[in-house]
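Notes for the one structure printed next.
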Amino acid sequence: AAYVVHDWAAPFAQLVEALEAKHVDGDDPALWIDLLSLSYWIAAESVRADEWWRTKLSERLRHIGTAYIVLAPAPASWSQVMAAPSSDSMNRPAGLPTPLRSARCLTEAGTALHVGAKLHILLTPVAHTGLHETMRNNLAEIGGAMASVTLEAPAVLAEPRQFVSPAGNLQPHAISASEKSSILAAVRSRPGGIPALDFSLQNCLRSWLVSEGRIALLQASTDQRLTAQLARLLAMPRPVNPSTVISPILTEADAKLKLKFKMAKLAPALAAPAPLTVTAATTT
């Protein structure tokens, strides 16, 4: 079984193509499609959203144990991924596949990693072929762009959406202020908050790209350009886990507590009598 994270605005056929490519061997898993697993038309949206993002999503992902994030629609050309729409680095993810610019998709995928579920990244066959064709010249640059994925990017938080209503009509949809607030509050309440979610996603994306680069290299082992791109990607700094970063700034109370602990460790030695030193007398 797998929970499927996807962009509601993507053509449904692309979602099916990506899932079929994942299960080309004929296995028939139970798939929990995001849009079909939760009612998005409950009147009390703020109540539903808060409960969903804080508790129910984690519970379901922990129970299912596996999640897919379908990167559809992918950019028409993967070279667009490297293009920043402005000089503001926080806007850089705007060239990425749309699920990586969706607060809902990023939070669902990050929550899967947070609860220990396996996260698989899926592409349609056409997008997968396009990625491998672009890797030869731009693998490292794509990796650099994906390293900038963050839940707090303005391009992520302002995301117009369309989805099919129960009546079958295509309806415009954007994340409401209340749902956006619920998403951010839920993530911030977890250990590590938003930086921890960003780290887990960036690390997962990097590992996926490295794996894709190695697969491509197996098919073209003499391709020096691809080899150089993969080497550049592997040489790039890895995402930093915020839980391993120790702040060098101590409050006054922290400093006093640290000194008190140090003195407590030294107390037995200070209280013990000084050893008697005997010096042998010498005669001439």
Side-chain angles (χ1 to χ4, degrees), residues 5 7 18 68-103 105-110 112-113 119-124 126-159 187 192-220 223-245:
V5 181
D7 179 9
Y68 299 157
I69 180 168
V70 180
L71 301 188
S77 169
W78 282 92
S79 60
Q80 296 176 3
V81 170
M82 290 86 73
S86 74
S87 59
D88 181 0
S89 61
M90 288 294 286
N91 278 324
R92 188 175 182 184
L96 293 169
T98 51
L100 300 181
R101 294 183 277 121
S102 164
C105 290
L106 290 177
T107 301
E108 288 181 336
L113 295 169
L119 180 64
H120 299 265
I121 299 170
L122 308 188
L123 294 170
T124 66
V126 171
H128 193 260
T129 299
L131 175 62
H132 278 235
E133 290 175 349
T134 310
M135 280 181 176
R136 189 166 183 261
N137 296 311
N138 300 114
L139 177 59
E141 285 75 10
I142 294 173
M146 288 192 173
S148 66
V149 167
T150 170
L151 185 59
E152 293 183 301
V156 169
L157 295 178
E159 45 171 324
V187 176
I194 291 176
L197 180 138
D198 290 346
F199 162 76
S200 62
L201 288 172
Q202 292 166 7
N203 198 48
C204 182
L205 288 166
R206 181 186 186 278
S207 297
W208 169 69
L209 272 180
V210 169
S211 176
E212 289 293 330
R214 286 174 171 161
I215 291 172
L217 193 58
L218 285 174
Q219 299 169 353
D223 192 326
Q224 295 183 356
R225 285 191 181 182
L226 180 57
T227 302
Q229 284 291 319
L230 183 56
R232 284 183 58 198
L233 177 61
L234 290 169
M236 293 173 66
R238 296 181 66 92
V240 178
N241 187 343
S243 66
T244 63
V245 177

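Everything numeric in this text was worked out from a predicted model, so none of it was measured.
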To the nearest 0.5 Å, tell me how far Leu113 CG sits from Leu119 CG. 5.0 Å
Between Arg136 and Asp223, is there a donor-acceptor pair closer than 3.5 Å when you use the side chain of the first and the backbone of the second? no
Look at the side chain of Ser211 and the backbone N and O of Ser207, then say whether any donor-acceptor pair between them is shorter than 3.5 Å. no
How far does CG of Leu209 sit from CE of Met135, to the nearest 0.5 angstrom? 6.0 Å
I'd like to check Gln202 versus Arg238 (side-chain heavy atoms, cut-off strictly below 4.5 Å). Are they in contact? no
Specify the closest pair of heavy atoms between Arg232 and Ala140, including all atoms of both residues, with the distance to one decimal. CB-CB, 3.7 Å
Of the non-hydrogen atoms in Pro99 and Val70, which two are nearest, and what is the gap between them? CG-O, 3.2 Å
Quick one: CG on Leu226 to CZ on Arg214, what's the gap to the nearest 0.5 Å? 12.0 Å
Side chain proximity check, Ile215 to His132, heavy atoms < 4.5 angstrom: yes
Below 4.5 Å, heavy atoms only, C-beta onward: do Met146 and Trp208 meet side chain to side chain? yes
Return the CG to OG1 distance between Leu106 and Thr150, rounded to the nearest 0.5 Å. 8.5 Å
Side chain to side chain contact (heavy atoms under 4.5 Å, CB included) evaluation trace for Leu217 with Gln229: CA-CA 10 Å; Leu217 193 58; Gln229 284 291 319; over 6 Å; no
When you compare the side chain of Leu100 with that of Ile69, does any pair of heavy atoms fall below 4.5 Å? yes
For the residue pair Leu233 and Gly143, what are the closest heavy atoms and their distance? CD1-CA, 3.9 Å
Between Leu71 and Leu122, is any pair of side-chain heavy atoms under 4.5 Å apart? no
Any chance you could measure Arg206, atom CZ, to Leu201, atom CG, to the nearest 0.5 Å? 15.0 Å
Which heavy atom of Leu151 sits nearest to which heavy atom of Asp198, and what is that distance? N-OD1, 3.0 Å
I'd like to know if the side chain of Glu108 and the backbone of Val5 have a donor-acceptor N/O pair within less than 3.5 Å. no
Going by heavy atoms in the side chains, are Asn203 and Ser200 under 4.5 Å from each other? no
Check against side chain to side chain contact (heavy atoms under 4.5 Å, CB included), Ser102 and Asp7: CA-CA 8 Å; Ser102 164; Asp7 179 9; 5.8 Å; no
